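What follows is a short report on a single structure.
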Amino acid sequence: MIDPNSIRENPEAYRTATKQKRANFDVDSFLSLDSDYKSLKQEFESKKASQNKVSKLMPTLSKEEQAKLKDEMKALSAEIKEIESKLKEIEAQREAMLLRAPGIPLKEVPEGKDDSENKEVEKWGDIPEYLGKDHVELGLALGLIDIERGVKVGGSKNYFLKGDGARLHHAVLQYALSFLYGRGYTVMEPPHIVSYDAMKGTSYFPGGEEQAYSLDSRDPDKYLIGTSEVSVCSYHMNEILDELPKRYAGYSPCYRREAGTYGKDTHGLYRIHQFYKVEQVVVCENDPDISMRFHNELLNNAKDFIQSLNLPYRVVIVCTGDMGLGQVYKHDIECWMPSRNSYGETHSCSTFYDFQARRLNMRYKNKEGKLEFCHTLNNTLIASPRILIPLLENNQNKDGTIAIPKALQPFMGGQEVIK
RNA sequence: GGAGAGAUGGCCGAGUGGUCGAAGGCGCUUGAUUCGAAAUCAAGUAUACCGGUAACGGUAUCGAGGGUUCGAAUCCCUCUCUCUCCGCCA
């Protein structure tokens, strides 16, 4: 959520951001509604003030005087009620608009229409010779992945992992949790089913309803999370935090409807309805420098982690048109996926400033003792099974076996090879 | 799923129609006392928004929403959540 004052003070910046992000927001209709809202509210408050004044006087008066006043006050009361209902209506409209107002991208963010205009800023690792088998073939041959049966049981975009495939999947997740624990992050096992408020607070709703599974028939207002960011950020909803920063490692399954993606990335484990993710979440002070520091920390954690798995990757800075509504600064990390003959997105590192914290009503006392909204950030540490694509494909051997990266071996009982 | 009890400030807890943003206590802050501390005493101690340079004034907020009333923390309705008992259950 955007501070309405900030829109009043700097409408042009919001016009630009709205265009850049193709947000469903109109600065000028907001401003006009906002001014209606303000004047109506003032009218309401002054009428209410005179009513309160009389109410306080009432018990000191005689019966006759009271009766006389009551008749007068009846009219005022009716008037106030009418204004109040109008005010409520306009307030709701204003709130709905405000929820769709975009965060303004930092000056570092390149201008661009979509992901094709993201800019590569870093490249790491040598791309190995591709031996020709993709993860689906490898998975089938070694009994690691069974997509056909996944579809039989759960419909399209479903899968089974089995045997060493399932073990590798758990190993990489377990390793990720240990890794973040070692860097001072608090491991969180959060709710997978959340309320509308949590979805709204993290800015998935309104707007992202199509992408979320809803349990609506028997449990209205309950949704499956698409990332533990939703639960973990909402952990401090409506709270005043007395200790910052907070570093969390959220671990959860992620459920995504992937509506509108039919025919896109149909092959293998790239785009699926259910996966697991270890997510980094930071809540920190309301300060651009501090946010930037944490953005780099989160990005570095992810880079260090992939490097320890020895997966070639590149980092791109995400352009204006490919950013989410609330994000002001964002990098993606893409790992090399031989079967796609390209880098594929595996990580997404976002800085929100106070966009989510305002929606979540998550505050802290700053040095002057004043309450301020926190800043929030998040980044993937690892998402699996998508990460199995580069993991299997880049590590395949000529004899059809797969080398397990050194860092994962302890989490596979010391096993070095999948065969 | 059935039956009952409850939700008040940072915390505990009083408050069944008016002068209640809310007693009292705890906690916290400041001052007095003390060599210092404890104890004691005194004062202060919610948030948001609007107006004002400020002092200050106004409005809202007692789980959420609606209703009754000139006036609601207090009465009525709906919902959410918590607790206890019963049933079911990994």
Side-chain angles (χ1 to χ4, degrees), chain A residues 1-9 30-99 101 189-201 205 214-223 231 234-244 246 252-253 286 354-355 357-374:
Chain A
M1 175 116 70
I2 295 299
D3 180 0
N5 286 321
S6 149
I7 303 176
R8 278 183 219 123
E9 282 158 21
F30 172 78
L31 289 176
S32 112
L33 189 77
D34 183 57
S35 100
D36 291 351
Y37 164 76
K38 270 183 102 164
S39 57
L40 196 63
K41 182 153 190 182
Q42 267 159 17
E43 191 186 349
F44 170 76
E45 287 186 0
S46 76
K47 292 238 154 88
K48 199 72 189 166
S50 50
Q51 186 186 46
N52 287 346
K53 219 164 146 190
V54 175
S55 285
K56 278 198 178 155
L57 211 65
M58 205 59 113
T60 67
L61 302 175
S62 70
K63 283 259 151 60
E64 299 80 62
E65 286 172 315
Q66 286 191 5
K68 219 167 86 192
L69 262 183
K70 268 187 199 177
D71 286 341
E72 281 174 40
M73 294 313 285
K74 219 168 208 165
L76 182 62
S77 175
E79 207 180 332
I80 287 175
K81 229 162 236 174
E82 201 170 308
I83 294 173
E84 192 175 13
S85 79
K86 247 191 250 163
L87 187 64
K88 284 241 162 82
E89 199 177 301
I90 209 166
E91 204 165 17
Q93 282 174 30
R94 181 174 174 273
E95 160 98 6
M97 273 177 137
L98 221 37
L99 283 173
E189 174 76 43
H192 310 158
I193 299 169
V194 299
S195 66
Y196 189 92
D197 282 347
M199 297 298 283
K200 180 178 112 180
F205 289 177
S214 138
L215 276 50
D216 57 3
S217 62
R218 278 197 223 168
D219 296 286
D221 199 33
K222 293 279 187 278
Y223 306 87
S231 311
S234 302
Y235 181 70
H236 292 295
M237 174 162 54
N238 298 323
E239 286 182 20
I240 294 167
L241 308 194
D242 43 18
E243 222 177 55
L244 289 176
K246 301 280 189 192
S252 79
N286 192 316
D354 60 2
F355 189 87
R358 279 180 179 276
R359 293 172 167 237
L360 289 166
N361 188 28
M362 187 159 71
R363 295 173 296 172
Y364 72 105
K365 270 203 175 111
N366 67 14
K367 285 191 196 81
E368 291 89 60
K370 260 203 74 101
L371 286 171
E372 262 195 285
F373 289 104
C374 307

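Since the structure is predicted, the reported quantities are computational estimates derived from the model, not experimental observations. Residue numbers begin at 1 in each chain, while the letters A, B, ... track the order of the sequences. These values consider heavy atoms only, across backbone and side chains, with no hydrogens, waters or symmetry-generated copies.
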Query raised in the report: Residues in ring pair (Phe, Tyr, Trp, His ring centres under 6.0 Å) with A:Y223, at least two apart?
Result: A:F205

Query raised in the report: Given atom CG of A:D221 and atom P of B:A64, what is their separation to the nearest angstrom?
Result: 17 Å

Query raised in the report: Expressed as a whole number of Å, how far does the P atom of B:A60 sit from that of B:A73?
Result: 10 Å

Query raised in the report: A:R363 has a side chain; which of B:G66, B:U47, B:C70 sits nearest to it?
Result: B:U47

Query - Check: A:R359 side chain, A:L99 main-chain N or O, donor-acceptor pair, under 3.5 Å - result: yes

Requested in this report: Identify the nucleotide, in any strand shown, that forms a Watson-Crick or G-U wobble pair with B:U68, with both distances under 3.5 Å; if there is none, say none.
Outcome: none

Query raised in the report: Which part of the nucleic acid, if any, lies within contact of A:L371, taking any heavy atom under 4.0 Å across all strands shown: a base, the sugar-phosphate backbone alone, or nothing?
Result: sugar-phosphate

Requested in this report: For A:E95 and B:C49, give me the distance from atom CD to atom P, rounded to whole Å.
Outcome: 15 Å

Query raised in the report: How would you label the contact of A:K88 with the nucleic acid (heavy atoms, under 4.0 Å): base, sugar-phosphate, or nothing?
Result: sugar-phosphate

**Report entry** Interatomic distance at C1', B:G4 relative to B:A23, whole Å
**Finding:** 30 Å

Report task. Looking only at side-chain atoms of A:K41, point me to the closest of B:G58, B:C70, B:C49. Result -> B:C49

Report task. Could you pull out all residues at least two apart from A:D3 that satisfy salt bridge (Lys or Arg N to Asp or Glu O under 4.0 Å)? Result -> A:R358

Query raised in the report: When the P atoms of B:G13 and B:G17 are considered, how many whole Å apart are they?
Result: 23 Å

Query raised in the report: Which atoms form the tightest heavy-atom contact between A:D36 and A:I90, and what is the distance?
Result: CB-CD1, 3.6 Å

Query raised in the report: So what's B:C49 paired with, Watson-Crick or G-U wobble, going by both distances under 3.5 Å?
Result: B:G58

Query raised in the report: Okay, side chain of A:Q66, backbone of A:M58: is any donor-acceptor separation there less than 3.5 Å?
Result: yes

Report task. Check whether any side-chain heavy atom of A:N366 lies under 4.5 Å from a side-chain heavy atom of A:N286, and answer yes or no. Result -> no

Query raised in the report: Rounded to the nearest Å, what distance is computed from the CD atom of residue A:E43 to the P atom of nucleotide B:A60?
Result: 15 Å

Query raised in the report: Using the C1' atom in both, what is the distance from B:G71 to B:C85, to the nearest Å?
Result: 41 Å

Query - A:Q51 side, atom CD; A:F44 side, atom CZ - distance, nearest 0.5 Å - result: 8.5 Å

Query - Rounded distance (nearest 0.5 Å) linking atom OG of A:S35 with atom NZ of A:K38 - result: 9.0 Å

Requested in this report: Using Watson-Crick or G-U wobble geometry with both distances below 3.5 Å, tell me the partner of B:A23, or none.
Outcome: none

Report summary line: Residues pairing under side-chain hydrogen bond (donor to acceptor under 3.5 Å, both in side chains) where one sits in residues 86-99 of chain A, two or more places apart or in two chains, turn out to be A:D34-A:R94, A:Y37-A:E91

Query raised in the report: Using purine N1 to pyrimidine N3 plus N6-O4 or O6-N4 for Watson-Crick, or N1-O2 and O6-N3 for G-U wobble, both under 3.5 Å, which nucleotide pairs with B:G17?
Result: none

Query raised in the report: Roughly how far, to the nearest 0.5 Å, is the NZ atom of A:K41 from the OG atom of A:S46?
Result: 13.0 Å

Query raised in the report: Contacts to RNA chain B from residues 76-87 of chain A, heavy-atom cutoff under 4.0 Å, which residues?
Result: A:S77, A:K81

Query raised in the report: Whole-Å distance between B:G71 P and A:D71 CG?
Result: 13 Å

Query raised in the report: With nearest nucleotides of RNA chain B determined for A:M73 and A:K38 from heavy-atom distances, which residue corresponds to the more 5′ nucleotide?
Result: A:K38

Report task. Determine which nucleotide pairs with B:G63, using a 3.5 Å limit on both distances of a Watson-Crick or G-U wobble pair. Result -> B:C79

Report summary line: OG of A:S252 to CD of A:E189, rounded to nearest 0.5 Å, is 7.5 Å

Query - Nearest-nucleotide pick for A:N5, side chain only, options being B:G18, B:A48, B:C50 - result: B:C50

Query raised in the report: For B:C35, what is the paired nucleotide under Watson-Crick or G-U wobble rules, both distances under 3.5 Å?
Result: none

Query raised in the report: What does B:G87 pair with, Watson-Crick or G-U, if both distances are under 3.5 Å?
Result: none

Query raised in the report: Of the nucleotides B:C70, B:C50, B:A60, which one has an atom closest to the side chain of A:Q42?
Result: B:C50

Query raised in the report: Where along residues 52-63 of chain A does a heavy atom come under 4.0 Å from RNA chain B, residue by residue in number order?
Result: A:N52, A:S55, A:M58, A:P59

Query - Residue whose nearest RNA chain B nucleotide is more 5′ - A:Q51 or A:E45 - result: A:E45

Requested in this report: Determine the interatomic distance between P on B:C75 and the same-named atom on B:C88; round to the nearest Å.
Outcome: 38 Å

Report summary line: Testing B:G66, B:A60, B:C50 for proximity to the side chain of A:K48, the answer is B:A60

Query - Nearest-Å distance once atom C1' is located in both B:C62 and B:U30 - result: 29 Å

Query raised in the report: Say you pick atom P in B:U16 and the same atom in B:G2; how far apart are they, in whole Å?
Result: 33 Å

Requested in this report: Pick the C1' atom in B:G18 and in B:A39, then give their distance to the nearest Å.
Outcome: 43 Å

**Report entry** Under 3.5 Å on both distances, the Watson-Crick or G-U partner of B:G44
**Finding:** B:C28

**Report entry** Summary of salt bridge (charged side-chain N to carboxylate O under 4.0 Å, His left out) pairs that have at least one residue in residues 65-83 of chain A, sequence neighbours excluded
**Finding:** A:K47-A:E79

